[in-house]
A.B. asks: 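Here it is, the structure in full.
Order of appearance sets the numbers: ligands from 1, and atoms from 1 within every ligand. Being a predicted model, the structure only gives us computed values, none of them experimental.
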Amino acid sequence: MPHHRTETIGGVAEPVIRIDHNGPLTGEIRVPGAKNSVLKLMAATVLADGEFLLSNVPAIVDVEIMSQLLRSLGSIVEPVDSDSLLIRHEGDMSTEVPSELAGQLRASINLLGPLVARFGRIQIALPGGDDFGLRPIDMHISGLEAMGATCHFAGGVLTVHASRLKGANIRFSFPSVGATENLVMAAIFADGETTIDGAAREPEVVDLCRFLVAMGAHIEGIGESTLRITGVPRGALNSASHRVVPDRIQAATYVASVAVAGGEIDMIDAQRGDMEMFLRRCTEMGLEFTELVGTGLRVASSGRLTAVDVQTLPYPGVATDYKPLVIAMLSVANGSAVVTENLYPGRFKYVDELIALGANITMHEHHAEITGLPRLSGTEVTAHDIRAGAALVVAGLAADGVTTISGVGHIDRGYDDLVGRLRGIGAGIRRD
Ligand code: EPU
């Protein structure tokens with residue numbers, strides 16, 4: 001008989017996710033907008049006055065925190081309906097980002113480019129977000145300095161000043177998502193042309209650039225590794241409306257769920273083109289995909305997965321955010337495989353939790369060697385970050401018995417009703 005469990009921390013009941021049976025999964029799921037796009041779109045709105053309507057906004061905690069951040073700077077942010085947000089600003093804004101909010105969200109650093117571009121200054125504490133090792137911002141800083149900004153760091157707080165940024169040629173040694181986004185936004189009002197060589201090409205970076213173009217920015221090379229931004233006068237940008245690109249990592253979470261629990265589901269709004277390399281690895285593992293032209297993607301399982309080696313790379317490679325899901329899938333595949341992390345060497349914390357569920361995983365520096373077992377075995381585990389939490393849910397679907405996951409707050413930061421969506425396709429999962 002399944003047991004019920006609610007963790008009590010400091011006298012307050014913390015929710016847990018409980019999975020007690022699984023598969024086959026069938027039906028339809030709608031993939032919400034991408035966390036890693038919407039947070040940057042929200043930051044970008046400070047570049048202009050007016051009303052911005054964002055649609056396909058996921059109902060996640062990180063959007064709440066970014067809304068609070070914008071409000072603390074003087075914006076009005078209000079939900080219009082369950083998945084749209086109206087943001088309004090007029091005139092001057094504060095450029096001092098409250099530390100307690102900045103510290104809760106990695107994407108708070110995305111206020112750097114737009115606030116410095118428009119108001120010539122920012123004061124912000126180092127960003128928070130998931131803890132998977134060192135997450136430096138040196139590329140953001142050196143890019144701003146190349147554009148003429150003065151950056152000063154003291155007591156955990158970064159202060160940047162620039163009366164007018166000037167165009168520069170910036171060459172990245174690594175295609176950082178956040179640095180690309182910040183420097184594109186910084187260059188919007190800069191004097192002359194800025195080029196960014198080695199820019200990140202993730203679908204969320206493309207989504208941000210399209211939004212900026214709709215606002216009146218001049219950006220060429222969108223989706224390519226060299227971006228050229230020609231500065232326009234401050235005040236030349238207008239407000240715009242935008243539909244957030246669907247979340248490829250949430251879509252991948254549903255793919256992984258079908259992979260371990262069996263079945264066939266239609267993922268409405270999933271964009272095949274945005275997740276090509278991940279889908280290729282999944283196809284090699286034995287999953288079948290059918291494009292539902294104009295509406296999404298169907299995924300079907302045809303039995304136990306086959307083990308396949310995977311390594312994470314910047315887009316268009318297999319994203320680091322898919323990796324915990326891939327390791328959960330390989331834990332029940334037929335054979336052994338090695339998963340190599342090339343972006344965040346410390347992003348393996350959840351492996352111990354998967355091992356607690358019975359997975360056979362051995363770590364060799366930034367390589368995980370996984371030997372698949374027919375099934376995992378349910379127990380109590382803890383999510384330490386968003387994607388790790390999703391991987392534990394997938395592992396719970398691959399386990400016999402009851403899996404209880406605490407640390408659900410991490411999952412809520414990036415997943416819009418993961419439990420409800422999985423229940424909707426037949427998973428035995430609930431939130432207690
Ligand atoms: N890096 C530097 N210096 C910098 C910037 C980055 O050395 O100035 C290094 C990082 O330490 C890391 C690598 O470059 O090793 C990648 O960092 P990147 O800047 O590309 O990542 P990010 O912008 O901080 C975003 C997503 C992450 C996702 C990565 C990689 C957001 C809010 N976060 O982070 O998403 O893993 O890109 O694709 O967009 C998640 O959603 O769970 C998540 C962690």
A.B. asks: For ligand 1, is there an N or O atom under 3.5 Å from any N or O atom of L343?
C.D. replies: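 Yes, at least one N or O pair falls under 3.5 Å.
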A.B. asks: Ring centroid separation for F52 and H89, is it under 6.0 angstrom?
C.D. replies: yes
A.B. asks: Which one holds for F174 and ligand 1: side chain close, backbone close, both close, or neither close, with close meaning a heavy atom under 4.0 Å?
C.D. replies: side chain
A.B. asks: Closer than 4.0 Å to some heavy atom of H140 - which atoms of ligand 1 meet that?
C.D. replies: 8 (O)
A.B. asks: For G178, counting its heavy atoms only, list the atoms of ligand 1 lying under 4.0 Å from any of them.
C.D. replies: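 Ligand 1 atoms under the 4.0 Å threshold to G178: 19 (O), 23 (O).
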A.B. asks: Give yes if a backbone or side-chain nitrogen or oxygen of Y344 is under 3.5 Å from a nitrogen or oxygen of ligand 1, and no if not.
C.D. replies: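 Yes.
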A.B. asks: Check ligand 1 against T320 and write out every atom of the ligand that is under 4.0 Å from a heavy-atom position of the residue.
C.D. replies: 30 (C), 36 (O)
A.B. asks: Apply salt bridge (charged side-chain N to carboxylate O under 4.0 Å, His left out) to the pair E204 and K35, showing each step before the final yes or no.
C.D. replies: CA-CA 9 Å; E204 297 77 21; K35 166 181 84 79; over 6 Å; no
A.B. asks: Just list the side-chain donor-acceptor pairs under 3.5 Å for residues 145-165, sequence neighbours left out, or say none.
C.D. replies:
unit_1 : atom_1 : unit_2 : atom_2 : d
R164   : NE     : F189   : O      : 3.3
R164   : NH2    : F189   : O      : 3.0

A.B. asks: Regarding N56 and R30, do their side chains bring together a donor and an acceptor under 3.5 Å, going by distance alone?
C.D. replies: yes
A.B. asks: Could you list which atoms of ligand 1 come closer than 4.0 Å to a heavy atom of R106?
C.D. replies: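 Near R106, the atoms of ligand 1 are 24 (O).
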A.B. asks: Nearest heavy atom to atom 5 (C) of ligand 1: which of S37, P136, A179, A107 does it belong to?
C.D. replies: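 Closest candidate by heavy-atom distance is P136.
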A.B. asks: At a 4.0 Å threshold, what atoms of ligand 1 neighbour a non-hydrogen atom of R387?
C.D. replies: 40 (C), 41 (O), 42 (O)
A.B. asks: Of the listed options (L208, D385, V177, N182), which comes nearest to atom 38 (O) of ligand 1 when hydrogens are ignored and any heavy atom counts?
C.D. replies: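 Heavy atom nearest to atom 38 (O) of ligand 1 belongs to V177.
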A.B. asks: Any atoms of ligand 1 less than 4.0 Å from a non-hydrogen atom of K35? List them with their elements.
C.D. replies: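 In order of number, 40 (C), 41 (O).
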A.B. asks: Heavy-atom distances under 4.0 Å decide this one: backbone, side chain, both or neither, for E204 against ligand 1?
C.D. replies: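 No part of E204 is near ligand 1 at this cut-off.
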A.B. asks: For E100, does the CD atom have more than 12 heavy-atom neighbours from other residues, nucleotides or ligands under 6.0 Å away?
C.D. replies: yes
A.B. asks: Which atoms of ligand 1 are found less than 4.0 Å from any heavy atom of I137?
C.D. replies: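 That gives atoms 4 (C), 8 (O) of ligand 1.
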A.B. asks: For S94, which residues count as a side chain to side chain donor-acceptor pair (under 3.5 Å) partner, sequence neighbours excluded?
C.D. replies: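 Not a single residue meets the side chain to side chain donor-acceptor pair (under 3.5 Å) criterion with S94.
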A.B. asks: Is there a salt bridge (charged side-chain N to carboxylate O under 4.0 Å, His left out) between R431 and D412 once you walk through the steps?
C.D. replies: CA-CA 12 Å; R431 197 179 165 113; D412 293 341; 2.8 Å; yes
A.B. asks: Give the minimum heavy-atom separation between A337 and D309, together with the two atoms involved.
C.D. replies: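 That would be CA-OD1, 3.3 Å.
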A.B. asks: Got an N/O contact under 3.5 Å between L39 and ligand 1?
C.D. replies: no
A.B. asks: Cut-off 3.5 Å, side chains only: do T312 and E341 have a donor facing an acceptor?
C.D. replies: yes
